[in-house]
There are 2 protein chains.
Amino acid sequence: MSTAGNPSGTQAVDRAAKLLSEVVHSAVPVTFTELTAATGLAKSTTSRLLLALERNGLVRRDDHGRFLPGEMFVSFAWRGGADTSLVAVAQPFLDRLGKSTGETINLGVANGPQAETIAQVDCTYLIGGTNWVGLSVPLHASAIGKVLLAHGAAQLSAGPMARTTDKTITSEATLRADLAGVRARGYAVSDEELEPGLITIAAPVFRFDGTVVAALSVSAPTSRMKRETAMAVARRCVEEAAGLSSALGYRPRARKGA
Amino acid sequence: MSTAGNPSGTQAVDRAAKLLSEVVHSAVPVTFTELTAATGLAKSTTSRLLLALERNGLVRRDDHGRFLPGEMFVSFAWRGGADTSLVAVAQPFLDRLGKSTGETINLGVANGPQAETIAQVDCTYLIGGTNWVGLSVPLHASAIGKVLLAHGAAQLSAGPMARTTDKTITSEATLRADLAGVRARGYAVSDEELEPGLITIAAPVFRFDGTVVAALSVSAPTSRMKRETAMAVARRCVEEAAGLSSALGYRPRARKGA
DNA sequence: GCCAGGAGTTCCACTTTATGGAACTAGGTT
DNA sequence: AACCTAGTTCCATAAAGTGGAACTCCTGGC
């Protein structure tokens, strides 16, 4: 009647999915009336579809009759769905960042007293990063590690900080100052601190509750990462990390979602 | 054609939901063919419905074209859907336990060095527990706390253990022995260890990965909780806790789900 | 206690939309 | 190259979904 133009014939399912999406993406329980308004469907249609969704465990009602995501979502979440699918959610953001910078992109998380790379997009040049997925690097020397440290997502192990290049930060005071900078700027830089000739910039990925769960990074040889380039790259990196955070339910300042 | 007898007219949505359910509840990615077989739908129908689900972010395909839960599920999980909905999932189990014992039922989780009550069903007697939701109790003196401790879901704070009654366990060795008993028996008992005249029995609630996330408890005045009653109550409590665990995706011994 | 108004569900004639067999396309295997 | 197997697109058919109106159930006002 109004939306028109469905690629193929699946109106009922599409409408049901739209309702579901409203329910799931809302931060608070949604009322029947809000749903009819949001989707523009007739009351009768909305009612029937919601009943079907409820019957199938896709939505449930709270004690005021408002709609919440159903058993299927909850069960998925409890089964650890989130833990196993960070890479999948992140992929589009990595790809985009890779396309716009041309450099090697990585996603890293804390793994004990190290930073582990869990996803990568290869650079478009002949000279660049090899495959780092599965590799763990020292927290204090890598950009990803510094982001995780700066936001309390990882803790340094007790021992002294290993030196891997002559630029590696090994003093606790220097590191502390650097981490403060990371928080202030919104991104971390490792300028030949891990390997000579390698510059990496990394930005934090936040979860719904504001905690940092991962870091997104761009790595390039010093030859391709001059000061001005670095600024632009850092901005893009922060942008994509913010996009990913948002996909994970992070809402920067507001407490109640739209 | 076969299933027949739908309460009301929503075939397409029901079928789509069934497909979705297969995908979400499977431990591993599901192939197109498995889905046609599992649901008994025509290839063309399956194809159209899956396309619709995919278009709406309810399923996605891995690189082999197999189906996985989509962005909507992942996003829900990352937003902490699990954290906020334990009570909702648990409610039916609490209610059932409350109905069959008539006593005060609680659900508790670890909160720092204490056990916090997050849900309750009031007892059917005039004399019984007041409202404990939101209250935190010492780990070593409460049944819920002992369950959490016994399964590594909570850690005692460093200081000495506070005595609240003359039966409170305050020696580390005694507590350690008691916790071993909790693991062996499958439930914990606090017999006037928190408050004189109060007996509580608690059983662990497991998550998909076998870790304990909460404890389910039955509390009664000593006057109503004699030895034989206690045994029956403990059995019911363990039963319901197991049911709840199962709802959270926990599969006791098997690794692969049904 | 009764009536008014809002919220949601059920009914039913209408017709749009989903259905499934068959034809078709895309990979992979012998 | 011929032959499977897996999956998508087509299309006539009819079954399923649609929405307006009637109906039921609450809730609050007076």
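So you know, we letter chains A, B, ... as the sequences are listed, proteins then strands, and number each from 1.
- For A/H64 and D/dC26, the NE2 to P distance is 16 Å, given to the nearest whole Å.
- Between B/M72 and A/A17, the shortest heavy-atom distance links the atoms CE-O, 4.5 Å.
- Atom CG in B/L35 sits roughly 16 Å away from atom C1' in D/dT8 (whole-Å rounding).
- From A/I105, atom CD1 reaches atom NZ of A/K99 across 12.5 Å, with rounding to the nearest 0.5 Å.
- Rounded to 10 degrees, the angle separating the terminal axes of the helix from C/dG1-D/dC30 to C/dT30-D/dA1 is 40°, with each axis obtained from five end pairs.
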Identify each atom pair where a protein N or O and an N or O of nucleotides 9-11 of chain C are less than 3.5 Å apart, giving names and distance.
| residue | atom | partner | partner atom | Å |
| --- | --- | --- | --- | --- |
| C/dT9 | OP1 | A/R61 | NH1 | 3.1 |
| C/dT9 | OP1 | A/R61 | NH2 | 3.3 |
| C/dT9 | OP2 | A/S47 | OG | 2.9 |

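- Between the CG atom of A/D14 and the P atom of D/dG17 there is a distance of 14 Å, rounded to whole Å.
- Taking the six-membered ring for Trp and the full ring otherwise, A/F73 and B/F73 have centroids separated by under 6.0 Å.
- Taking CD1 of A/I201 as the reference point, atom CG of A/L216 lies at 11.5 Å (rounded to 0.5 Å).
- Atom pair A/L50:CG and C/dA7:C1' shows a separation of 13 Å (rounding to whole Å applied).
- Nearest-nucleotide mapping onto DNA chain C: of A/T31 and A/A12, the residue sitting toward the 5' end is A/T31.
- When distances are taken from the side chain of A/T45 to each of C/dG20, C/dT19, D/dG19, the shortest belongs to D/dG19.
- No side-chain donor-acceptor contact under 3.5 Å links B/N56 and B/E54.
- Here the side chain of B/Q114 pairs no donor or acceptor atom with the backbone of B/N111 at under 3.5 angstrom.
- Contact record, B/V109 with B/L148: C-CD1, 3.6 Å, taken as the closest heavy-atom pair.
- Residue A/R15 places at least one side-chain N or O closer than 4.0 Å to OP1 or OP2 of D/dT18.
- Between A/Q11 atom CD and D/dG17 atom P the separation is 11 Å, expressed in whole Å.
- Checking the phosphate oxygens (OP1, OP2) of D/dG7, a side-chain nitrogen or oxygen of B/T33 falls inside 4.0 Å.
- Checked by atom type and distance alone, the side chain of B/R60 pairs as donor or acceptor with a backbone atom of B/P69 at under 3.5 Å.
- Residues B/T10 and A/R48 bring no donor and acceptor atom of their side chains to less than 3.5 Å of each other.
- Taking atom CG on B/L41 and atom C1' on D/dA16, their separation rounds to 15 Å, with Å as the unit.
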